[in-house]
Structures are given as C-alpha cells and as structure tokens.
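Numbered from 1 within each chain, the chains take letters A, B, ... in sequence-line order.
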Amino acid sequence: GDSVTQMEGPVTLSEEAFLTINCTYTATGYPSLFWYVQYPGEGLQLLLKATKADDKGSNKGFEATYRKETTSFHLEKGSVQVSDSAVYFCAPSDDQAGTALIFGKGTTLSVSS
Amino acid sequence: DGGITQSPKYLFRKEGQNVTLSCEQNLNHDAMYWYRQDPGQGLRLIYYSQIVNDFQKGDIAEGYSVSREKKESFPLTVTSAQKNPTAFYLCASSLRGTIYEQYFGPGTRLTVT
C-alpha cells in the first residue's frame with residue numbers, strides 16, 4: 001500500500017540554523033501532500049500543503065516543493081527559532097481511504113538558543 | 001469560532017470497561033476521522049466517515065467502534081476487546097476531496113489500568 005518515509009530524528013539545531021527534513025512517499029495515484037506540526041500534548045496543525053506536481057507550499061518561513069519525479073516533499077526553513085521545536089509529520093493523502101492521510105513516524109526537532 | 005473539540009482531555013479507565021471518546025466539529029465538514037498515536041509513532045487510522053450514517057474501517061479498527069448519526073459528531077468507543085487501549089486519540093475533520101487539509105482536535109489521552 002501507499003506509505004511515507006521521513007528522516008529519523010531527533011534533529012538538534014542551534015537557533016538560526018538551516019533546516020531540512022526529508023520526506024519521500026509511495027503512491028499509486030497523485031496524492032496531495034501535507035506537512036503538519038505537533039507541539040507537546042496537542043493535536044496537529046497544518047503547516048503547509050501542495051496539491052499537484054511542482055507546487056510549492058509555504059508558511060511561517062517553511063517551504064516544501066511537490067517533486068513528482070522523485071516522489072519527495074522535503075521541508076526546509078532558512079533560519080529556525082527555538083519556538084519551532086516540535087514534531088513534524090509529512091502526510092500524503094490516501095486515495096484508497098477516502099480523504100484520509102498516511103502518516104509517518106514524525107521527526108522531532110529541537111532548537112536551542 | 002469554528003473548530004473541532006474533543007473531550008475529555010484525559011481519561012482513565014479500568015481494564016475490561018468500554019469507554020467513549022467525544023468528537024464534535026462546527027466546521028460543516030462532511031468527513032471525519034479517528035487516529036491513534038503511540039509514543040514515538042506516527043498516527044494510525046482507526047475509522048473514517050465521509051458522510052452521515054456511513055463509516056469505514058481504517059488500518060487498526062479491531063476493538064473499536066464508531067457511529068455517525070449527526071454531521072457534527074463522530075464518537076469513538078474503545079471496547080474491552082482492544083488489547084492495548086492506552087494511547088493518545090486524535091479526531092479530525094475535513095471537506096471531502098484529497099486536496100483539502102484535515103483539522104485536528106486537541107486529542108484525548110486514554111489510560112487503561
């Protein structure tokens with residue numbers, strides 16, 4: 001079935017460092033792609049999305065580009081802040097389950113000042 | 001404000017008891033979902049519903065049951081047949097269609113002893 005693979009964490013960075021979190025997926029169709037963020041003890045919040053090939057999603061300094069040829073949707077930010085410390089999930093939509101999403105294990109980001 | 005609510009935030013039960021987790025949304029979304037999250041794991045789909053009076057099993061439906069009698073509500077019952085019910089449960093809703101993001105509730109942490 002469809003699946004998603006994220007880079008293992010935790011990722012530990014100093015404030016103002018560059019961030020990349022890799023995400024690749026397998027899909028039989030053409031999924032929409034999402035990045036969600038989860039702060040401790042909370043639900044998930046949408047960070048950004050892309051719904052077709054070559055689309056770039058962006059929000060709060062984070063960016064990700066839908067790369068159909070490499071089935072990837074890597075998350076990047078040029079300068080991280082302590083407040084970006086959280087768990088990040090890459091999630092393609094699942095054509096086989098209505099509009100449900102497929103989640104990987106998530107990548108924990110820890111930013112120190 | 002529109003949103004999705006889950007209650008209670010923390011729930012404690014004895015082994016062998018059924019327990020029902022509440023999920024309500026006022027976003028006028030047709031689709032609703034239940035996910036389970038275990039420490040260090042991603043989210044796994046339990047059940048989803050695309051429309052009132054209809055729902056489908058997700059990847060880990062065994063030991064769980066749902067109902068969808070109203071558009072706004074999608075309660076999840078964790079039955080005594082669920083072998084490892086202690087987890088963080090997240091409810092979400094969305095418009096129908098894979099291009100639409102899901103909105104998540106704050107989650108319910110269930111502990112069964």
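Residues Gln25(B) and Tyr103(B) fail the side-chain proximity criterion, which asks for heavy atoms closer than 4.5 Å. Between Arg44(B) and Asp38(B), the closest side-chain pair of non-hydrogen atoms falls below 4.5 Å.
At a 4.5 Å heavy-atom cutoff, the contact between Gln38(A) and chain B is made by side-chain atoms alone. Residue Gln56(B) does not touch chain A at all, counting heavy-atom pairs closer than 4.5 Å. Contact annotation for Lys57(B): neither backbone nor side-chain heavy atoms come within less than 4.5 Å of a heavy atom of chain A. Only the side chain of Leu90(B) comes within contact range of chain A, with heavy atoms under 4.5 Å apart.
The environment of CD in Gln17(B) is crowded: more than 12 heavy-atom neighbours from other residues, nucleotides or ligands sit within 6.0 Å. A 6.0 Å sphere centred on CD of Glu62(B) holds no more than 12 heavy atoms belonging to other residues, nucleotides or ligands.
Phe104(B) and Tyr35(B) have tilted rings, their planes meeting at an angle from 30° to 60° on a 0 to 90° scale. A tilted orientation is assigned to the rings of Tyr88(A) and Phe62(A), their planes being inclined by 30° to 60°.
By a heavy-atom distance cut of under 4.5 Å, Leu46(A), Lys49(A), Thr51(A) are the residues of residues 46-61 of chain A near chain B, going up by number. Applying a 4.5 Å heavy-atom cutoff, none of the residues of residues 75-84 of chain A approach chain B. Chain A is approached within less than 4.5 Å, heavy atom to heavy atom, by no residue from residues 66-75 of chain B. When the heavy atoms of residues 103-113 of chain A are compared with those of chain B, the residues falling under 4.5 Å are Phe103(A), Gly104(A), Lys105(A), listed by number.
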(request) Quick one: do Thr71(A) and Thr24(A) satisfy side chain to side chain donor-acceptor pair (under 3.5 Å)? Show the steps, please. (result) CA-CA 6 Å; Thr71(A) 61; Thr24(A) 58; 5.9 Å; no
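A pairwise comparison of heavy atoms in Ile102(A) and Ser93(A) identifies CD1-O, 4.4 Å as the closest pair. Contact detail for Tyr25(A) and Lys68(A): the closest heavy-atom pair is OH-CA, 4.3 Å. Counting all heavy atoms, side chain and backbone alike, Phe89(A) lies closest to Gln37(B) at CZ-NE2, 3.5 Å.
Geometrically, Arg109(B) does not engage Tyr10(B) in a cation-pi contact, judged by NZ or CZ lying under 6.0 Å from the ring centre and within 45° of the ring axis.
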